[in-house]
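Contents: one structure, followed by commentary.
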Amino acid sequence: MADNDYPWEPPLAGTEVEHLLGALGRLRTTFRWKADDLSAEQLRMTIGASSLTMAGLLKHLALVEAYTFTVKLSGKPMGAPWDGNASEDDDWEFTSAKDDAPDELYALWD
């Protein structure tokens with residue numbers, strides 16, 4: 001790779017799909033960089049009055065991506081681990097993430 005090649009940037013010229021995938025890749029790379037190698041304690045930490053955690057955010061973003069690509073774009077039903085859980089509780093991915101091990105959360109995200 002040349003010094004001026006940045007894999008996290010969308011292509012300067014390309015199709016709409018290439019730009020969308022490039023933008024998604026940039027967002028995923030940035031978020032993973034920010035959340036990478038956090039311990040279970042760090043993933044479950046909250047700031048101030050918010051109940052939002054990095055663990056919940058990892059699981060939420062994984063769910064949103066799975067839903068978008070599976071249901072919205074492919075027309076298929078959600079599979080494990082998502083099927084059934086999200087419909088019971090609107091905040092399921094946020095509240096259940098505290099019980100997940102870091103390697104499980106990173107695997108969902110990846």
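Fair warning: this is a prediction, and the values are worked out from it, not measured in the lab. Numbers here simply count residues along the sequence, with the first being 1.
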Practice item. I would like to know whether Glu65 and Thr70 meet side chain to side chain contact (heavy atoms under 4.5 Å, CB included); could you show each step before the answer? Key: CA-CA 8 Å; Glu65 260 189 50; Thr70 304; over 6 Å; no
Exercise for review: Please tell me if the side chains of Met54 and Phe31 come closer than 4.5 Å, counting only heavy atoms from C-beta onward.
Suggested key: yes
Exercise for review: Check whether any side-chain heavy atom of Arg26 lies under 4.5 Å from a side-chain heavy atom of Thr30, and answer yes or no.
Suggested key: yes
Considering all heavy atoms of both residues, which atom of [X] and which atom of [Y] are nearest to each other, and what is their separation?
| X | Y | answer |
| --- | --- | --- |
| Pro102 | Ser39 | CG-C, 4.2 Å |
| Met78 | Asp83 | O-CB, 3.3 Å |
| Glu18 | Gly14 | OE1-CA, 3.0 Å |

Review point. Hey, what's the ring geometry for Phe94 with His60, parallel, tilted or perpendicular (30° and 60° as the breaks)?
Key: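 Rings of Phe94 and His60: parallel, under 30°.
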Got a donor-acceptor contact below 3.5 angstrom from the [X] side chain to the [Y] backbone?
| X | Y | answer |
| --- | --- | --- |
| Lys72 | Phe69 | no |
| Ser50 | Leu52 | yes |
| Thr46 | Thr53 | no |
| Tyr106 | Leu58 | no |

Exercise for review: Step by step, work out the side-chain hydrogen bond (donor to acceptor under 3.5 Å, both in side chains) result for Lys59 and Ser96.
Suggested key: CA-CA 9 Å; Lys59 198 167 189 176; Ser96 67; 2.8 Å; yes
Exercise for review: Cation-pi check, Arg28 to Trp109: give yes when NZ or CZ is under 6.0 Å from the six-membered ring centre and within 45° of the ring axis, no otherwise.
Suggested key: yes
Exercise for review: Working to the nearest 0.5 Å, report the span between CD of Gln42 and CG of Asp37.
Suggested key: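 Reported value, rounded in 0.5 Å steps: 9.5 Å.
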Study note, to complete from the structure: Residues passing the side chain to side chain donor-acceptor pair (under 3.5 Å) test with Arg32, sequence neighbours excluded, are Asp36, Asp110
Side-chain heavy atoms under 4.5 angstrom apart, residues restricted to Ile, Leu, Val, Met, Phe, Trp, Tyr: same cluster for [X] and [Y]?
| X | Y | value |
| --- | --- | --- |
| Leu108 | Leu24 | no |
| Leu63 | Leu105 | no |
| Trp82 | Leu61 | no |

Exercise for review: Applying side chain to side chain contact (heavy atoms under 4.5 Å, CB included), run through Tyr67 and Val64 and close with a yes or a no.
Suggested key: CA-CA 5 Å; Tyr67 179 78; Val64 169; 5.8 Å; no
